[in-house]
Q: 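Could you have a look at this structure, given as structure tokens, before my questions?
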Amino acid sequence: MKIVTIIGARPQFVKASVISKALRVAGHTEILVNTGQHYDDNMARIFFEEMGIPKPDYDLGVGSGSHASQTASSLVGIEKILLKEKPDYIIVFGDTNATVAGALAAAKLHIKIAHIEAGLRSYNRDMPEEINRVVTDVLSDLLFVPTQVAQDNLNREGITGGVHIVGDVMVDALITYTKVAEQNSHILDELKLEKEKFLLMTIHRPSNADHDDRLLSILKAVSKIDLPVIFPVHPRSRARVEKLISQTNGKIRIIDPVGYLDMMLLEKYSHTIITDSGGIQKEAYLHKTPCLTVRGETEWVETVRDGWNYIVGNDLEKISILSHDFPEPSEWKPHYGDGNASQKIVHILEENLT
Ligand code: UD1
Ligand code: UDP
């Protein structure tokens, strides 16, 4: 098989790390296309190095910009590559602007689309990702969903063909690289942290990160926690965080974004995680670390149902209360699979090749 795989943003580097390996081990030809949406060393290069992601065959260098400009540049670039490479499938991951651009370019050229992490829904169209997901799922031929909930979401929208429950490729990555991290990462020593005696926070969603009032309220609420809080700051919010942090009590430790290996240890040994990230909520569950989600809803409903994830919404006082006293979770189940999602996906791609 010949596959064009589209990546561009940090979460896609993580997902591609395991899929690229599985495709290549099975002897298939993968053409890796990086739209270049994320480009700082610690948002991009470090993931390629630490996770052994192959060097992209094409780098579109779209960089930062409005949704329209990022999506449009990616669309034009991907179309040219698809016309030249004529793959059997295009693979797109998740819900970024690279995802929707890849799906749209391929659909018009009648190239089969495989969407990995299909069927996720927040039912909040204020999130650009929700729009990207809905459009991508409508256009996709093979929809690789992590859970039954995701399949049900698709079925409710009338999408029933080509849907396969395979688990989540992020479990594959987490299992593989947490082992590597335990050997190679020294982040706890470097930051002088004791296991379970610190918190990890990440905030990058526009609804939190793009407004002074909201971001300051979050920072102040987190500052009430009695343990050290480590905050690897996404470049989107760097300037705003630096401007506002002086109005808090100085307890939050701001650091640059970290690589995946360091992130695995910070997540695993954090007392509690405070985040608005999609992937990090799921990783918190996988590491069995309680999570406080600073959003009004989540796609990863299983984590909330089992009592590992609390949706904070606007009730920011809950952050310090629950950080100190998180209720005992009711259960933990392998909702997101057993770490073999990538192999399952490659087999299904092979079986569906016509
Ligand atoms: C994107 C994804 C989001 C995902 C997030 C993961 C879309 C619509 N959004 O959001 O789903 O959760 O990535 O991290 O695709 N910047 C840099 N250097 C970089 C990258 C970004 O300085 O390497 C800054 C730029 O000022 C840029 C801003 O961050 O304008 C936002 O970046 P962008 O890629 O547009 O969106 P994200 O918030 O990263
Ligand atoms: N991540 C990382 N370093 C960081 C922040 C995030 O390695 O400083 C990883 C995180 O563990 C996850 C991935 O990047 O696997 C994507 O997370 P992000 O919050 O950027 O995106 P989302 O999942 O919200 O789309």
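Residue numbers run from 1 in the order of the sequence given. For ligands, and for the atoms within them, numbers begin at 1 and follow the listed sequence. Computed from a predicted model, the values in this text were never measured in an experiment. Values below: all heavy atoms of this structure, side chains included; hydrogens, waters and symmetry mates excluded.
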Q: Any nitrogen or oxygen of N132, side chain or backbone, less than 3.5 Å from one on ligand 1?
A: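 Between N132 and ligand 1, no N or O pair is found under 3.5 Å apart.
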Q: Q70: heavy atom below 4.0 Å from ligand 1, yes or no?
A: yes
Q: Is the shortest side-chain N to carboxylate O distance from K282 to D168 below 4.0 Å?
A: yes
Q: Which residue supplies the protein heavy atom nearest to atom 4 (C) of ligand 2, what is that atom called, and how far is it?
A: R10 NH1, 3.3 Å
Q: Centroid-to-centroid, F13 to F48, below 6.0 Å?
A: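 Yes - the distance between ring centres of F13 and F48 falls below the 6.0 Å cut-off.
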Q: To the nearest 0.5 angstrom, please state how far the CG atom of L32 sits from the CD1 atom of I19.
A: 12.0 Å
Q: Tell me whether P257 has any N or O atom under 3.5 angstrom from an N or O of ligand 2.
A: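 Min N/O separation from ligand 2 is not below 3.5 Å for P257.
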Q: Please list the nearest protein heavy atom to atom 3 (C) of ligand 1 with its residue and the distance rounded to 0.1 Å.
A: E129 OE2, 3.1 Å
Q: Distance under 4.0 Å to a non-hydrogen atom of H204: what atoms of ligand 1 satisfy this?
A: 4 (C), 5 (C), 6 (C), 12 (O)
Q: Heavy-atom contacts with P232 under 4.0 Å: which atoms of ligand 2 show up? List them by number with element.
A: 8 (O)
Q: Verify the neighbour count for atom CZ of R125: are there more than 12 heavy atoms of other residues, nucleotides or ligands below 6.0 Å?
A: no
Q: Just verifying a value: how many Å separate E50 CD and S17 OG, rounded to the nearest 0.5 Å?
A: 11.0 Å
Q: State whether the number of non-hydrogen atoms from other residues, nucleotides or ligands found under 6.0 Å of K197 atom NZ is greater than 12.
A: no
Q: Which atoms of ligand 1 have any heavy atom of H67 under 4.0 Å away?
A: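 Every atom of ligand 1 under 4.0 Å from some heavy atom of H67: 8 (C).
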Q: Classify the contact between A209 and ligand 1 as side chain, backbone, both or neither, using a heavy-atom distance cut-off of under 4.0 Å.
A: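 Within the 4.0 Å criterion, A209 makes no contact with ligand 1.
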Q: Between E130, M127, R238, H38, which one has a non-hydrogen atom sitting closest to atom 10 (O) of ligand 1?
A: H38
Q: At what distance is the nearest protein heavy atom to atom 10 (C) of ligand 2, and which residue and atom is it?
A: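 Minimum-distance protein heavy atom for atom 10 (C) of ligand 2 reads E283 OE1, 3.4 Å.
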Q: Looking at residues at least two apart in the chain, or sitting in another chain, which of them share a side chain to side chain contact (heavy atoms under 4.5 Å, CB included) with D338?
A: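 If we apply the side chain to side chain contact (heavy atoms under 4.5 Å, CB included) test to D338, skipping adjacent residues, the hits are N340, K344.
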Q: Pick one of side chain, backbone, both or neither for how R236 approaches ligand 1, counting any non-hydrogen atom pair under 4.0 Å.
A: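 The answer is both, backbone and side chain.
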Q: Give me the nearest non-hydrogen protein atom to atom 24 (O) of ligand 2 as residue plus atom name, then the distance to 0.1 Å.
A: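 Ranking protein heavy atoms by distance from atom 24 (O) of ligand 2, first comes G278 N, 2.9 Å.
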Q: Do me a favour and list the nearest non-hydrogen protein atom to atom 21 (O) of ligand 2 with residue, atom name and distance?
A: P11 CG, 3.8 Å
Q: Please write down residue, atom name and distance for the protein heavy atom closest to atom 27 (C) of ligand 1.
A: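 For atom 27 (C) of ligand 1, the nearest protein heavy atom is S64 OG, 3.3 Å.
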Q: Does R205 approach ligand 2 within less than 4.0 angstrom via side chain, backbone, both or neither, non-hydrogen atoms only?
A: side chain
Q: Taking only Lys NZ, Arg NE, NH1 and NH2, and the carboxylate oxygens of Asp or Glu, determine whether D210 and R236 approach each other closer than 4.0 Å.
A: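 The answer is yes: the pair qualifies as a salt bridge.
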Q: Report the residues that fulfil side chain to side chain contact (heavy atoms under 4.5 Å, CB included) with D126, sequence neighbours left out, ordered by chain and then residue number.
A: N124
Q: Are Y269 and H287 close enough that their ring centers fall under 6.0 Å?
A: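 No - the distance between ring centres of Y269 and H287 does not fall below the 6.0 Å cut-off.
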Q: Return the closest protein heavy atom for atom 18 (N) of ligand 1 as residue, atom name and distance.
A: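 The protein heavy atom lying closest is D40 OD2, 3.0 Å.
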Q: Heavy atoms, side chains only, cut-off 4.5 Å: are L143 and S140 in contact?
A: yes
Q: Inspect the contact between R133 and D95 and indicate whether a charged nitrogen and a carboxylate oxygen are less than 4.0 angstrom apart.
A: yes
Q: Working to the nearest 0.5 angstrom, can you tell me the gap between R205 CZ and S277 OG?
A: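 These two atoms lie 6.5 Å from each other.
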Q: Atom 1 (N) of ligand 2: which protein heavy atom is closest, and how many Å away?
A: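 Going atom by atom, the protein heavy atom closest to atom 1 (N) of ligand 2 ends up being M263 CG, 3.8 Å.
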Q: Checking side chain to side chain contact (heavy atoms under 4.5 Å, CB included) against N309, which of I273, T293, V301 comes through?
A: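 Single side chain to side chain contact (heavy atoms under 4.5 Å, CB included) partner of N309 among I273, T293, V301: T293.
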Q: Which option wins on minimum heavy-atom distance to atom 16 (N) of ligand 1: G8, G278, P235?
A: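 Selected option, by shortest heavy-atom distance: P235.
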Q: Of all the non-hydrogen atoms in the protein, which one sits nearest to atom 7 (C) of ligand 1, and at what distance?
A: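 Its nearest protein heavy-atom neighbour is Q37 NE2, 3.6 Å.
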Q: Below 4.0 Å from ligand 2: does a non-hydrogen atom of E267 turn up there or not?
A: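 Right, E267 reaches ligand 2.
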Q: Can D212 and R240 be counted as an ion pair, charged N to O under 4.0 angstrom?
A: yes
Q: Please state which protein non-hydrogen atom is closest to atom 19 (O) of ligand 2 and give its distance, to 0.1 Å?
A: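 Closest protein heavy atom to atom 19 (O) of ligand 2: S277 OG, 2.8 Å.
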Q: For ligand 2, which atoms, with element, lie under 4.0 Å from some heavy atom of G259?
A: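 Answer, ordered by atom number: 7 (O).
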Q: Using a strict cut-off of 4.0 Å, indicate which atoms of ligand 1 neighbour a heavy atom of M43.
A: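 Taking each heavy atom of M43 in turn, ligand 1 has 23 (O) under 4.0 Å.
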Q: Would you mind checking which non-hydrogen protein atom is closest to atom 17 (C) of ligand 1, with the distance to 0.1 Å?
A: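 Sorting protein heavy atoms by distance from atom 17 (C) of ligand 1 puts Y39 OH, 3.2 Å first.
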Q: Tell me whether E85 is salt-bridged to K2, with the criterion being a basic N under 4.0 Å from an acidic carboxylate O.
A: yes
Q: Determine whether the aromatic ring centres of residues H271 and H324 are separated by less than 6.0 angstrom.
A: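 Centroid distance H324-H271: not below 6.0 Å, so no.
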Q: Under 6.0 Å between ring centres: does that hold for F326 and W308?
A: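 For F326 and W308, the ring centres are not under 6.0 Å apart.
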Q: Measuring from non-hydrogen atoms of V258 to any atom of ligand 2, is the shortest distance under 4.0 Å?
A: yes
Q: I'd like to check which ligand 2 atoms, numbered from 1 as shown, lie under 4.0 Å from a non-hydrogen atom of V14.
A: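 Result: 15 (O).
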Q: Below 3.5 angstrom, do we get any N/O pair linking D276 and ligand 2?
A: no
Q: Which protein heavy atom lies closest to atom 6 (C) of ligand 1, and at what distance to 0.1 Å?
A: P11 CD, 3.5 Å
Q: Starting from atom 23 (O) of ligand 2, locate the nearest protein heavy atom and write down its residue, its atom name and how far away it is, to 0.1 Å.
A: G279 N, 2.7 Å
Q: Applying a heavy-atom cut-off of 4.0 Å, say which part of R205 lies close to ligand 1: side chain, backbone, both or neither.
A: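 Near ligand 1, R205 shows its side chain, while the N, CA, C and O stay back.
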Q: Can you tell me if M170 contacts ligand 2 (heavy atom of the residue under 4.0 Å from the ligand)?
A: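 Yes, M170 has a heavy atom closer than 4.0 Å to ligand 2.
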Q: I'd like to know whether ligand 2 has F47 as a neighbour, heavy-atom separation below 4.0 Å.
A: yes
Q: Salt bridge or not for E299 and R121, using N-O below 4.0 Å?
A: no
